[in-house]
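Single-structure report; data block below.
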There are 2 protein chains.
Amino acid sequence: MGRNKEFDTALVLHKAMEVFGHYGYEGTSLQNLLDGLGIARQSLYDTYGTKRDLFTTAVKHYVNEKTGMVIAMLDTPGSVKETISHIFHEIVAVLQDEIRCKECFIMQSAIDQIPHDPVLAEFFKQDMQRLEKAFHNALIRAQEQGELSNRHDDLLSLARYLIHARYSLTQAAKLTTDPKVLADISNVTLSTLDY
Amino acid sequence: MGRNKEFDTALVLHKAMEVFGHYGYEGTSLQNLLDGLGIARQSLYDTYGTKRDLFTTAVKHYVNEKTGMVIAMLDTPGSVKETISHIFHEIVAVLQDEIRCKECFIMQSAIDQIPHDPVLAEFFKQDMQRLEKAFHNALIRAQEQGELSNRHDDLLSLARYLIHARYSLTQAAKLTTDPKVLADISNVTLSTLDY
DNA sequence: TTTATATTTGACTGTTTAGTCTATAATGGA
DNA sequence: TCCATTATAGACTAAACAGTCAAATATAAA
């Protein structure tokens, strides 16, 4: 009994990613959120709690979504290099899309908050560990499959490199107006696997 | 005639980099600045103008200082690969230093402001162009000197890649607690030049 | 119809914000 | 000494801030 939820909470959460991504956590006012989410103030507090709660929820939602997809892809049998290449082309495509790129920028706001938010810090630490394992295992498999030269003797370093390269593309997207640059960077990054 | 300036304005500017880097632009209150700079409120306004003015001045000062050093190194005759290697080891060393790393983080705050500050956006655009030219020319020279394999057929992409890799190390420093990771990433990045 | 939940609206609070103003003291050259 | 400049201190303003509260309406199931 009782009235049903009218707005799609997951969809509103994605809008929150855009707003926080655009203004940054501190730079986002409650009014910005109300305008961006299209819901009333009280609905926001009833559904998501405080501004900080909403931010944390949105960040975790975003990261889990993305990390989940990446790990699922890396765990799928087949060419590892093609998978990694696909992961990078995907993020470049998203960043080149004027609409889809927006929510990616919540990553930057989240990283800014890490030094001031132990909960977020711990969350990212665990996210990095998940990604590290997944990339590392995939690279080991790549070498076993003969896809990756044996000259790569430190696959953990290579895994960490790829993880941060992926995150840094979002930063590069803010620094450059030319979308082609992102593809260039991505291609050079991937070329590391080729020799 | 008249009293002389008592505080070193350049030194105070470096402290401002630390404060803005730590809290972000929006997250920095005037009180944070007063505590961090160790000068009185009125002195701040008399010397640097508004909070935004101080931020812009600090960012430009930081970027010009760093870019200037990098370009000077790249323009110096000798082994290009050794120079680039030195540039990366330098930034890693700074980021691993608990004290010296702090002012680097103003970069992140500045990048966050680019979408909302046309002046800063234009400034970074020109900074990127300066760096692009310097890295590109250096890589051309490296190939002429036989330091760099001819398989690298797109030296502009490679230049862009190196520039963003350098900037992204600062971001990586926020995401990882293990300082060794930065060195790992840096080494893999530099390995791109070796094959 | 009753009851429980969802949503909106607008008023409200107490705090914090950036920035200004005034007064006072300190410093250095003329 | 006189004057210009620098610095500090504290009071002050007007706006913006996050968050709360109460009242009214809307929806859905019992």
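Below, chain A is the first sequence line, B the second, and so on; all start at residue 1.
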Mind calculating the distance between [atom1] ([X]) and [atom2] ([N]) to the nearest angstrom?
X	N	atom1	atom2	result
B/Leu30	D/dA9	CG	P	15 Å
A/Phe7	C/dT5	CZ	P	16 Å
B/Leu33	C/dT16	CG	P	17 Å
B/Asp46	D/dA4	CG	P	17 Å
A/Ile39	D/dG19	CD1	P	14 Å
B/Tyr23	C/dT16	OH	C1'	15 Å
A/Glu26	D/dA16	CD	P	19 Å
B/Arg52	C/dA18	CZ	C1'	13 Å

N/O (side chain, A/Ser43) to phosphate O (OP1/OP2, C/dA6) under 4.0 Å
no

What residues form a salt bridge (Lys or Arg N to Asp or Glu O under 4.0 Å) with A/Asp127, not counting sequence neighbours?
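Scan of A/Asp127 (salt bridge (Lys or Arg N to Asp or Glu O under 4.0 Å), adjacent residues dropped) gives none.
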
Going 5' to 3' through nucleotides 20-30 of chain C, assign each nucleotide B (protein heavy atom under 4.0 Å from a base atom), S (under 4.0 Å only from sugar-phosphate atoms) or - (no protein heavy atom that close).
BB----BBBSS

Can you list the residues that meet the side-chain hydrogen bond (donor to acceptor under 3.5 Å, both in side chains) rule with B/Ser29, with sequence neighbours excluded?
B/Asn32

Going by side-chain hydrogen bond (donor to acceptor under 3.5 Å, both in side chains), name the residues that satisfy it together with B/Gln126, two or more places apart in sequence or in a different chain.
B/Glu122

Partners passing ring-ring contact (aromatic ring centres under 6.0 Å, His included) against B/Tyr161 (at least two apart in sequence or in another chain):
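Counting only residues at least two positions away or on another chain, B/Tyr161 forms no ring-ring contact (aromatic ring centres under 6.0 Å, His included).
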
What pairs with B/His152 under ring-ring contact (aromatic ring centres under 6.0 Å, His included), at least two apart in sequence or on another chain?
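In terms of ring-ring contact (aromatic ring centres under 6.0 Å, His included), with neighbours along the sequence ignored, B/His152 is linked to no residue.
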
Taking the six-membered ring of B/Phe20 as reference, does the cationic atom of B/Lys51 (NZ for Lys, CZ for Arg) lie under 6.0 Å from its centre and within 45° of its axis?
no

